[in-house]
Amino acid sequence: GELNLDMQLIQGEKIFPDTLHDHLFEHKGIAAKIERLSNFSNNYTGGGERALIDGLLGSVDFRDGRWQAVQGDDYVIEIDLGEKSDISYVASNFLFYNNAWIFLPDSVVFDYSLDGDEWNPMCEAIFSDLDQKIKNEVKLFRAEKEFAKTTLRFIRMRAYNRGLTPVWHDAPGEKAWLFCDELIVR
């Protein structure tokens with residue numbers, strides 16, 4: 001489930017007046033072991049290797065430190081839940097902000113496995129051509145699927161980058177960014 005955190009900073013006897021707000025999304029992937037992960041940009045690490053399974057969700061600000069990004073490449077993550085588990089929901093968040101060359105993936109594919117070797121398709125989300133319809137907005141999108149409980153141990157997500165910025169963009173033909181945050185597993 002989702003948790004909203006409100007924190008007040010205290011240093012010694014000094015109490016800072018501003019309350020910090022954060023959002024934590026609890027799910028089965030948080031304790032997972034990463035088996036495979038794309039090489040992400042040093043500029044957009046999301047906090048490191050575990051960024052997509054840390055429970056902390058990115059905002060519409062691509063500089064918030066929560067987003068992991070690749071430029072011109074596809075994004076792949078494989079996780080091991082550590083034991084067989086019944087799963088009925090998978091999702092991942094993506095950011096769109098064309099002024100910063102950040103585009104949605106053409107598609108996102110989720111696969112599952114019991115042994116990490118033989119993979120089975122779970123679901124696919126298609127985003128192609130959506131960029132044109134929302135080109136002047138900054139938006140979060142979630143690729144998600146709810147399905148009948150499935151027993152699995154491994155999950156793989158593949159987000160297919162559009163590759164280059166589109167012809168209608170101010171800088172057509174440049175490598176497009178793909179910003180991803182959190183592989184949510186319930």
Working note: Asn43 + Gln71, criterion side-chain contact (heavy atoms from CB on, under 4.5 Å); need CA distance, chi angles, decisive distance, verdict. CA-CA 11 Å; Asn43 296 323; Gln71 189 176 25; over 6 Å; no
Val90 vs Met157, test: side-chain contact (heavy atoms from CB on, under 4.5 Å). Steps then yes/no. CA-CA 9 Å; Val90 292; Met157 181 193 71; over 6 Å; no
side-chain contact (heavy atoms from CB on, under 4.5 Å) for Lys84 and Leu114? Distances and angles first, verdict last. CA-CA 7 Å; Lys84 291 179 183 174; Leu114 289 170; 4.1 Å; yes
Audit row: Gln68, Ile77, side-chain contact (heavy atoms from CB on, under 4.5 Å) steps and yes/no: CA-CA 11 Å; Gln68 212 168 70; Ile77 182 172; over 6 Å; no
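Not a single donor-acceptor pair under 3.5 Å links the side chain of Ser41 to the backbone N or O of Val70. Looking at Trp67, its side chain never comes within 3.5 Å of a backbone N or O of Leu178 through a donor-acceptor pair. Side-chain N or O atoms of Thr150 include one that pairs as donor or acceptor with a backbone N or O of Ala148 at under 3.5 Å. Judged purely by atom type and a 3.5 angstrom limit, Asn161 uses its side chain to pair as donor or acceptor with the backbone of Ala176. Side-chain N or O atoms of Thr165 include none that pairs as donor or acceptor with a backbone N or O of Trp101 at under 3.5 Å. With hydrogens and angles ignored, the 3.5 Å screen pairs a side-chain donor or acceptor of Ser113 with a backbone N or O of Glu118.
The same ILVMFWY cluster, assembled from side-chain heavy atoms under 4.5 Å apart, contains both Met122 and Ile79. A chain of hydrophobic side-chain contacts below 4.5 Å, direct or via other Ile, Leu, Val, Met, Phe, Trp or Tyr residues, connects Val60 to Phe62. Following chains of ILVMFWY side-chain contacts shorter than 4.5 Å, one can reach Phe110 starting from Phe94, so the two form part of one hydrophobic cluster. In the hydrophobic clustering of this structure, Leu81 groups with Leu183; members are Ile, Leu, Val, Met, Phe, Trp, Tyr whose side-chain heavy atoms approach within less than 4.5 Å, directly or through other members. Cluster annotation: Trp168 and Phe127 are assigned to the same hydrophobic cluster (Ile/Leu/Val/Met/Phe/Trp/Tyr, side-chain heavy-atom contacts under 4.5 Å, transitive).
In this structure Glu144 satisfies the salt bridge (charged side-chain N to carboxylate O under 4.0 Å, His left out) test with no other residue, sequence neighbours excluded. Every residue two or more places apart in sequence or in another chain that forms a side chain to side chain contact (heavy atoms under 4.5 Å, CB included) with Glu137 is listed here: Ile134, Lys139. Not counting sequence neighbours, the partners of Lys149 by the side chain to side chain contact (heavy atoms under 4.5 Å, CB included) test are Asp86, Ser88.
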Show me the side-chain donor-acceptor pairs of residues 44-52 shorter than 3.5 Å, one per line, residues at least two apart or across chains.
residue	atom	partner	partner atom	Å
Thr45	OG1	Gly47	N	3.1
Arg50	NH1	Ala32	O	2.9
Arg50	NH2	Ile30	O	2.7
Arg50	NH2	Ala32	O	3.1

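Using a 4.5 Å cut-off on side-chain heavy atoms (C-beta onward), Tyr75 and Pro105 make no contact. By the 4.5 Å heavy-atom criterion applied to side chains, Ile126 and Glu124 are counted as neighbours.
Tyr160 belongs to a hydrophobic cluster whose remaining members, ordered by chain and number, are Val109; membership requires side-chain heavy atoms of ILVMFWY residues under 4.5 Å apart, directly or through intermediates.
Atom CG in Asp73 sits 8.5 Å away from atom CG in Asn39 (nearest 0.5 Å). For the atom pair CD of Glu182 and CZ of Arg66, the computed distance is 9.5 Å after rounding to the nearest 0.5 Å. Here the CG-CD1 distance, from Asp181 to Ile53, works out to 11.5 Å after rounding to the nearest 0.5 Å. Atoms CZ and OH, from Phe147 and Tyr89 in turn, are 10.0 Å apart once rounded to the nearest 0.5 Å.
Within the structure, every pair that satisfies the salt bridge (charged side-chain N to carboxylate O under 4.0 Å, His left out) test and touches residues 157-175, not counting sequence neighbours, is listed here: Asp111-Arg158, Asp131-Arg162.
No salt bridge links Arg153 with Asp115; every basic N to acidic carboxylate O contact stays at or beyond 4.0 Å.
The two residues Ile102 and Leu95 make their nearest non-hydrogen contact at CG2-O, 3.2 Å. Residues Lys28 and Ser85 share a closest heavy-atom pair of NZ-OG, 3.1 Å. Across all non-hydrogen atoms, the minimal contact from Gly29 to Val185 is N-CB, 3.9 Å. When all heavy atoms are compared, the tightest approach of Phe16 to Ile10 is CD1-N, 4.4 Å.
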